[in-house]
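First comes the structure, then the notes that go with it.
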Amino acid sequence: MYNKQSLTILATAAGLGLTFILLVGLHSVRAMPTATTWFVSPTGSGSACTQAAPCNLKTAADNAADNDTLYLSGGVYTTTESAVLKITTSITVFGGWNGLTGVLVVDPVAYPTILDGENARRVVYVTSFVTPTLEGLTLQYGNAIGQGGDPSVPGADVGGGVYAYDASPTISNCLVMSSTAGFGAGLALYKGTPVVINNVIKGNTALQNIASFTRGVGGGMLLYQTAGMVTNNQIVNNSANGTQVYDGGGGMYVDGSTTLISNNTIQGNYGYRGGGLFIYMSAINVNNNNISGNNAGLGGGVFLMSSPANFEANMVLANNSSMAGGGFAIFDSINFTLTNNIVAQNFGGYPAGLVASALFDFSSSQGVLVHNTFADNNAPPNPW
């Protein structure tokens with residue numbers, strides 16, 4: 001049985017609870033910023049940016065706020081600016097709008113939306129500290145010439161297709177092709193937690209003459225100090241053509257990152273070191289990828305250096321190296337692991353399946369190999 005004091009306490013508590021509920025309720029119905037939908041076409045004009053009166057891409061991108069959405073109609077978008085699309089807020093950009101009024105129809109296959117750098121400028125530039133989303137776009141013929149972008153390498157032009165520094169973009173269901181830069185020709189993602197999912201990244205070339213050196217890093221993609229995810233992409237026929245100091249990573253160059261790399265097809269790429277993947281000073285997981293038909297001087301499939309990386313359930317097939325490590329070339333790496341990988345039909349001038357050794361710092365590589373299959377890897381008779 002409750003006494004008067006306990007009833008008073010309960011009543012007070014109930015009152016406080018009611019007051020709290022009312023305060024929460026009042027807080028929850030305060031006016032919040034309303035997200036805006038912007039409609040864009042290559043021939044758009046004015047500032048209405050509606051289905052009936054779409055605006056141009058620059059008008060929408062310059063005026064959109066966080067959480068706004070841009071729908072781009074099919075067609076080709078160009079500019080005379082330094083990038084076809086400059087993103088300064090956390091917006092979502094969809095390609096494939098049919099350009100009509102009424103029910104909103106978005107189909108990137110039927111209505112391809114092409115952002116074309118015309119080999120004269122970047123395609124997409126993302127400023128720092130934003131989290132935009134790009135979906136259903138073709139990003140092509142970007143060129144980072146004269147744009148810079150790497151604070152540690154003066155003169156290096158970075159990110160022909162997409163450049164983001166200290167941002168966390170999500171890039172999905174896009175085609176990133178035929179772009180050029182010194183570093184990260186297709187995508188150059190510095191810091192942040194980017195998500196790259198379900199894209200085709202093909203035919204990009206990392207190549208630049210800097211201070212009398214021919215440099216090329218990350219043909220398809222460059223990841224520098226990132227902690228995001230790269231999954232379910234086709235990274236094909238890209239090249240990193242540098243030959244001295246900075247070189248390699250035809251498909252992807254990963255530096256100082258913890259990004260998850262999973263379920264990608266990394267095929268037909270070329271880099272002086274690391275035809276498919278060049279991984280440097282990165283504690284990353286590389287899982288369930290098809291790494292095949294890549295070419296390099298060292299590490300046709302994978303060049304791993306100074307990295308405690310984990311490789312699990314990858315298919316490393318039919319890669320080629322002219323010097324060593326057709327499948328894997330592992331140097332100066334401690335605590336790397338290979339588990340349940342198939343390494344087969346690779347060709348190399350030295351051990352064709354895998355070589356693990358010292359290179360620059362004269363410390364041996366040390367790792368664990370568990371339940372891997374090495375089969376039909378072929379090295380010429382001389383020297384091994």
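Taking 4.5 Å as the limit, every side-chain heavy atom of P308 sits out of range of all side-chain heavy atoms of F336. Side-chain contact between Y270 and N294 is absent, with no heavy atoms from C-beta onward closer than 4.5 Å. Between L338 and L354 the shortest side-chain heavy-atom distance falls below 4.5 Å. Using a 4.5 Å heavy-atom threshold, the side chains of N204 and T180 count as separate. Between L222 and L189 the shortest side-chain heavy-atom distance does not fall below 4.5 Å. Contact of the K86 side chain with the T88 side chain is registered, since non-hydrogen atoms from C-beta on lie closer than 4.5 Å. In this structure the side chain of S168 never reaches within 4.5 angstrom of the side chain of F129, judged on heavy atoms. Between T79 and K58, every side-chain heavy-atom pair lies at or beyond the 4.5 Å cut-off.
A donor-acceptor pair is defined here as one N or O able to donate and one able to accept, closer than 3.5 Å; no such pair exists between the side chain of N295 and the backbone of N269. Using modelled atom types, one side-chain atom of T113 and one backbone atom of G96 make a donor-acceptor pair closer than 3.5 Å. Using modelled atom types, one side-chain atom of D107 and one backbone atom of V109 make a donor-acceptor pair closer than 3.5 Å. In this structure a side-chain-to-backbone donor-acceptor pair under 3.5 Å is missing from T170 to V195. Of the possible donor and acceptor atoms, one in the side chain of D116 sits under 3.5 Å from a partner among the backbone N and O of E118. R122 places a side-chain N or O within donor-acceptor distance of the main-chain N or O of V158, the cut-off being under 3.5 Å. With hydrogens and angles disregarded, a donor-acceptor distance shorter than 3.5 Å links the side chain of T127 to the backbone of I87. Using modelled atom types, no side-chain atom of N143 and backbone atom of G160 make a donor-acceptor pair closer than 3.5 Å.
Side chains of S307 and S282: no donor on one and acceptor on the other come within 3.5 Å. For the residue pair E312/T339, the side-chain donor-acceptor check at 3.5 Å is not satisfied. For Y224 and D150, the side-chain atoms include no donor-acceptor pair closer than 3.5 Å. A donor atom on one side chain and an acceptor atom on the other are found under 3.5 Å apart for T226 and T259. In the model, T231 has a side-chain atom that pairs as donor or acceptor with a side-chain atom of S262 under 3.5 Å. No hydrogens or angles considered: nothing links the side chains of T265 and N290 as a donor-acceptor pair under 3.5 Å.
Residue F278 forms a ring-ring contact (aromatic ring centres under 6.0 Å, His included) with just one option from Y253, Y272, F183, and that option is Y253. Between W97 and the choices Y111, F39, Y71, the ring-ring contact (aromatic ring centres under 6.0 Å, His included) rule is met once, by F39. Partner N233 forms a side-chain hydrogen bond (donor to acceptor under 3.5 Å, both in side chains) with one of N264, N263, N289 and no other, that one being N264.
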Original post:
When you look at T214 and N209, which way does the side-chain hydrogen bond (donor to acceptor under 3.5 Å, both in side chains) test go after all the steps?
Top reply: CA-CA 4 Å; T214 300; N209 292 318; 3.0 Å; yes
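Heavy-atom neighbours of M323 CE from other residues, nucleotides or ligands within 6.0 Å: above the threshold of 12.
Between K191 and D166, none of the side-chain N atoms (NZ, or NE/NH1/NH2) sits under 4.0 Å from a carboxylate O, so this pair counts as no salt bridge.
When the side chains of ILVMFWY residues are joined at heavy-atom separations under 4.5 Å, either directly or via intervening members, V130 and V84 end up in a single hydrophobic cluster. Hydrophobic clustering (side-chain heavy atoms under 4.5 Å, transitive across Ile, Leu, Val, Met, Phe, Trp, Tyr) keeps V217 apart from L223.
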